[in-house]
Amino acid sequence: MGVHIPPQAYKKPAASNNTPIRTAGRPSLSYSHQQESAASMKEAVNTDFPVHCRVTDTEEFVKAMFPIEETLVDAIWDKVKGAHHPESRWSAFPRSVRKEHELYGAFVSVANVIHRAAEELCSQHPGENSARLGGSTRWVDYHSKAPHSADKTIARIRPDCLLAHSLLHDRVKNLSPDEAKGVIWWLQIVAALEMKRRDNEEWEEVVKQLIGYLRQILREQLDRRFVFGFTLGPRCMSVCLHDRSGVLITSTPIDIHKFPKHFIRIIASFAVLAPHKLGFDPSMKIYVQPNEVVTSYRLTSETALDVFATDSYKKRWVITLNDGTQYLTVKVMSVARARVMRGRATLVWAVVRFIDGQPGKEIFVLKQSWRPESIKSEGELYGEANGSDCEFLGRIMLHEDAIIDDMVDRTGAFIRAGLSVSPPPDGKQESETMRPRAESEERFLHVASTDDDEIQRITTPRMRAFVSRVHTRVIMSTYGWPLKYFATLEELLVVFLNGVQGHEHLCNNGLLHRDISAGNVIIARCPDKGATTPFGTKGCLIDLDRSKLGARNPRTLPSVRTRSKPITKTQMASLSPSVVLYFEERENFPVSLSLQPEVISSAYDVLGVNINTYTIAAIEYSLAFPPAQEDHIITTDRLGWHRVERNFDFNPAVIEPEDGEQDTHNGSRTGTPPYASAEILGPVPTKYGTDSAVPYQDAIHDIESFLWILVNICLIRSGPGGARRAELTDEGTGHAMLRNVVYHVFDSDDATLAVNKHHLFANPNDFEEDVVGNFHPYFHHIKPLVCEWFGLLRLAYTHRELYEYHTLHRRVIALLEKTIATVPTEEDEDIVEKILDKRQKELDDMFLPSDT
């Protein structure tokens with residue numbers, strides 16, 4: 001279902017000359033996942049192309065990517081030239097092309113001649129050729145029919161020609177249209193080709209079309225590390241490599257008629273090279289049955305083909321680590337990020353050990369991603385923050401960089417062979433020869449909720465330097481469920497409490513999380529011990545991918561001295577007339593209000609300028625949210641003005657980057673936009689309030705994200721178990737404000753989110769009336785918690801570097817503990833039982849009947 005467009009905007013962003021932050025098709029949090037159309041895919045490619053597409057010297061690229069022996073190329077040429085390349089051109093290609101489709105059959109015919117010749121010659125050579133794809137593939141013409149996908153959310157686009165797995169292609173080809181609907185056509189593709197009728201067609205548009213195909217292949221083939229593609233006209237071919245660093249394209253096209261051996265080298269390589277040199281991951285194999293585990297390119301039996309033709313969420317893989325340890329995937333946690341043009345492309349599964357063909361019983365989480373090479377791995381960050389010392393952080397058991405051919409699997413030095421790159425040309429490629437051109441060097445831990453928690457980095461679009469990425473794996477022993485599947489209100493609040501406690505541990509040990517989202521705070525299963533709820537669960541904060549290391553910079557904020565005897569209003573006036581005057585002019589000024597003298601006098605010494613403004617704000621907050629025994633005696637204990645010691649600083653100005661480190665860790669802004677602070681969103685970040693200084697990402701922004709997650713649940717859920725409110729899809733006008741608030745605070749573009757969150761912080765009455773006022777009745781008892789949390793954030797943002805700012809963890813933990821102690825424990829027992837039964841069934845369903 002598409003996103004509901006509200007009849008009126010809650011608050012639209014003002015016009016700006018700044019380019020909005022790209023949201024990369026982020027799905028709505030309050031509506032079901034949208035189908036990705038060909039148009040949306042084209043838009044994503046158009047956005048990424050100038051940022052992540054590079055060109056490299058053609059000659060060097062061909063030699064590095066297709067490293068077959070020159071003697072083999074010569075032998076193939078001798079074998080085919082007489083019959084297929086007379087008169088200095090490939091005879092199958094027409095001399096004059098009227099329509100594009102005339103080229104499809106010509107290319108496929110010549111490519112298969114070369115392919116077969118390479119196979120025949122290689123069968124006589126020992127060595128790595130025994131592991132080649134060889135006869136299991138062939139080139140086919142698909143220009144007249146778009147591939148189907150079992151995933152109905154993908155775009156309907158088609159490559160003109162492709163190199164296909166022969167067995168799967170034959171099976172797909174013979175299926176009826178109805179049968180074909182259940183087959184993943186894209187899984188048969190090894191490489192794709194986009195044809196153009198004229199060599200001088202607009203180069204960029206043709207390449208973008210090709211990139212769309214390659215992006216789709218990487219999305220569906222989870223065991224692909226990279227993929228090759230081609231553009232071809234009557235004479236000229238360009239070659240493209242798509243990996244997780246983006247796209248690399250040959251700088252000048254190859255004239256396949258004038259340089260037939262270059263063409264032979266490229267085409268023959270797909271029959272000769274080992275699969276991992278063509279982009280396949282040798283550590284991933286399809287689980288068919290206990291005694292049948294095969295790579296996707298070695299499928300033979302009908303049973304294996306049936307397994308291979310299931311969608312990504314049903315397929316089981318056996319993944320082998322560097323030391324030979326194997327894990328069997330038993331449930332998909334997240335594969336949505338496989339479709340990104342460049343980035344981490346994170347894949348997450350629940351897994352069990354796989355020993356001697358038999359699955360184990362203990363559940364782990366395996367996370368596979370492509371981290372920037374210049375930053376520390378998640379496992380390293382976990383170690384530096386002493387993560388194992390905190391029970392409320394996902395426990396990382398193992399982390400490694402994947403090794404292939406005794407080399408670390410990385411996009412720069414390994415996959416791209418260290419080729420130098422430059423920005424792509426504008427428009428078409430003009431040269432039709434191999435002349436080199438000048439080059440320049442360019443400088444749920446798992447997502448537990450796969451439908452509404454797409455992580456993205458928030459930056460202003462710009463030409464970025466090439467980022468080499470490393471194929472990384474993490475094994476975590478913490479398994480759990482998304483927050484929305486809470487069983488009771490108490491469990492929900494306890495999970496939030498534990499999440500904030502985990503975050504406090506990280507900050508105290510010099511690590512800022514920077515991506516607090518509904519997918520990174522989970523209801524963790526505690527099968528043995530450590531549960532903090534009656535249901536054998538606890539809260540856990542996971543996923544340190546985007547964490548930032550702080551600098552050790554000890555600072556102390558002294559406590560304000562206290563004394564037991566409060567002073568009268570008259571005495572207070574002699575210390576700070578402006579403070580008392582402020583309260584006297586308010587209608588709700590409490591007559592019995594008394595203020596200890598240290599709150600003013602000692603505060604001058606500690607806090608310096610603007611003490612009156614800060615004191616007034618702190619007293620206002622205290623009066624608005626009084627303690628259990630309400631009174632109007634303002635003490636420093638009540639205000640929480642105690643000694644604060646902070647050992648780490650996350651200000652980039654005081655953090656010295658490690659050698660070669662890019663801004664992925666420290667200088668950038670990052671997060672999941674629906675839950676991110678408005679200070680982090682937007683083309684140009686701005687502070688809450690009147691301060692025009694550009695903010696840096698700090699602990700307060702993560703604490704604000706925790707709050708937005710809770711607010712989102714209270715707005716769009718109708719209670720335990722993840723049930724969605726019917727009012728969100730109601731076509732009537734009775735709940736227009738609810739839909740407006742949800743859309744403009746959580747589901748809209750980043751600029752709109754930023755404007756509305758800024759508006760709410762500037763107008764707290766609107767937050768209470770429009771946001772909290774639209775909570776589902778089930779969450780009525782936690783409205784005071786949300787309002788007090790919001791008020792605390794406003795006070796801390798307005799008066800930075802003071803007590804509230806530096807004691808947020810302590811204060812929010814106290815708020816949650818107070819609410820947990822008072823929230824009603826009565827729940828619908830039938831609903832709770834159904835939720836717990838569903839959790840157990842999910843665990844049971846991870847194992848096949850033969851596994852148990």
Side-chain angles (χ1 to χ4, degrees), residues 22 24-25 35-55 58 61 97 99-108 111 139-149 153-164 185-186 188-221 224 226-243 246-254 256 266 279 339-342 423-430:
R22 183 179 64 84
Q35 178 171 332
E36 183 179 29
S37 65
S40 64
M41 174 176 287
K42 182 178 180 180
E43 180 182 1
V45 172
N46 284 339
T47 302
D48 272 349
F49 181 83
V51 180
H52 301 292
C53 181
R54 297 290 184 271
V55 298
T58 302
F61 179 94
V97 180
K99 295 186 178 180
E100 185 179 294
H101 69 79
E102 297 173 9
L103 296 171
Y104 302 143
F107 167 76
V108 168
W139 289 93
V140 295
D141 169 9
Y142 255 122
H143 74 279
S144 60
K145 187 172 183 180
H148 291 74
S149 173
T153 68
I154 72 163
R156 291 295 303 276
I157 60 174
R158 60 176 177 83
D160 293 328
C161 302
L162 54 91
L163 180 64
W185 286 69
W186 290 94
Q188 68 183 306
I189 305 175
V190 177
L193 180 140
E194 174 71 358
M195 199 73 72
K196 51 183 181 177
R197 185 167 66 90
R198 297 184 302 272
D199 287 313
N200 61 354
E201 282 187 27
E202 191 71 16
W203 174 83
E204 184 174 309
E205 291 306 310
V206 176
V207 171
K208 286 179 180 178
Q209 185 69 27
L210 174 65
I211 291 172
Y213 309 149
L214 305 185
R215 179 176 180 266
Q216 201 80 322
I217 295 169
L218 288 174
R219 170 182 174 141
E220 296 219 15
Q221 297 185 21
R224 290 302 287 270
F226 62 90
V227 61
F228 287 110
F230 310 92
T231 66
L232 179 65
R235 297 190 65 87
C236 296
M237 169 186 276
S238 293
V239 189
C240 174
L241 179 147
H242 195 328
D243 60 17
V247 176
L248 185 62
I249 309 171
T250 49
S251 59
T252 54
I254 302 166
I256 64 171
I266 294 168
R339 71 177 182 269
V340 299
M341 180 169 175
R342 55 83 211 155
D426 295 327
K428 62 185 179 182
Q429 287 182 309
E430 297 178 356

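Numbers here are sequence positions counted from 1.
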Quiz item: If every non-hydrogen atom of Pro423 is compared with every non-hydrogen atom of Val55, which pair is closest and at what distance?
Solution: O-CG2, 3.5 Å

Exercise. Verify, without hydrogens or angle tests, whether Thr250 (side chain) and Val239 (backbone) share a donor-acceptor contact under 3.5 angstrom.
Key: yes

Quiz prompt | Euclidean distance, Phe228 CZ relative to Ile189 CD1, rounded to 0.5 Å | solution = 15.5 Å

Quiz item: Which atom pair, heavy atoms only, marks the closest approach of Pro159 to Trp186?
Solution: CD-CH2, 3.8 Å

Self-check item: Reported CD-to-CD distance for the pair Glu204 and Gln209, which is rounded to 0.5 angstrom
Solution: 13.0 Å

Quiz item: With distance as the sole test, does Glu194 use its side chain to make a donor-acceptor pair with the main-chain N or O of Val207 at under 3.5 Å?
Solution: no

Quiz item: Is a donor on one side and an acceptor on the other found under 3.5 Å between the side chain of Asp141 and the backbone of Tyr104?
Solution: no

Exercise. Say whether, by atom type as modelled, one donor and one acceptor occur between the side chain of Arg224 and the main chain of Val190 under 3.5 angstrom.
Key: yes

Quiz item: Shortest non-hydrogen contact from His242 to Arg215?
Solution: CD2-N, 4.1 Å

Exercise. Hey, could you give me the CZ/CD distance between Arg197 and Glu102, rounded to the nearest 0.5 Å?
Key: 9.0 Å

Quiz item: Any idea which heavy atoms bring Leu210 and Ala192 closest together, and the distance?
Solution: CD1-O, 3.8 Å

Self-check item: Test item: Pro253 and Asp199 side chains (from C-beta on) under 4.5 Å apart, heavy atoms
Solution: no

Quiz prompt | Approximate separation, where rounding is to 0.5 Å, of Thr231 OG1 and Leu193 CG | solution = 7.5 Å

Exercise. Please report the closest heavy-atom contact between Lys196 and Leu103, naming both atoms and the distance.
Key: O-CD1, 3.5 Å

Practice problem: Would you name the heavy atoms of Ser251 and Thr58 that are closest together and state the gap between them? | Solution: N-OG1, 3.3 Å

Exercise. With rounding to the nearest 0.5 Å, note down the distance linking CD1 in Ile249 to OG in Ser238.
Key: 7.5 Å

Quiz item: If you round to the nearest 0.5 Å, how far is CG of Leu248 from CZ of Phe226?
Solution: 11.5 Å

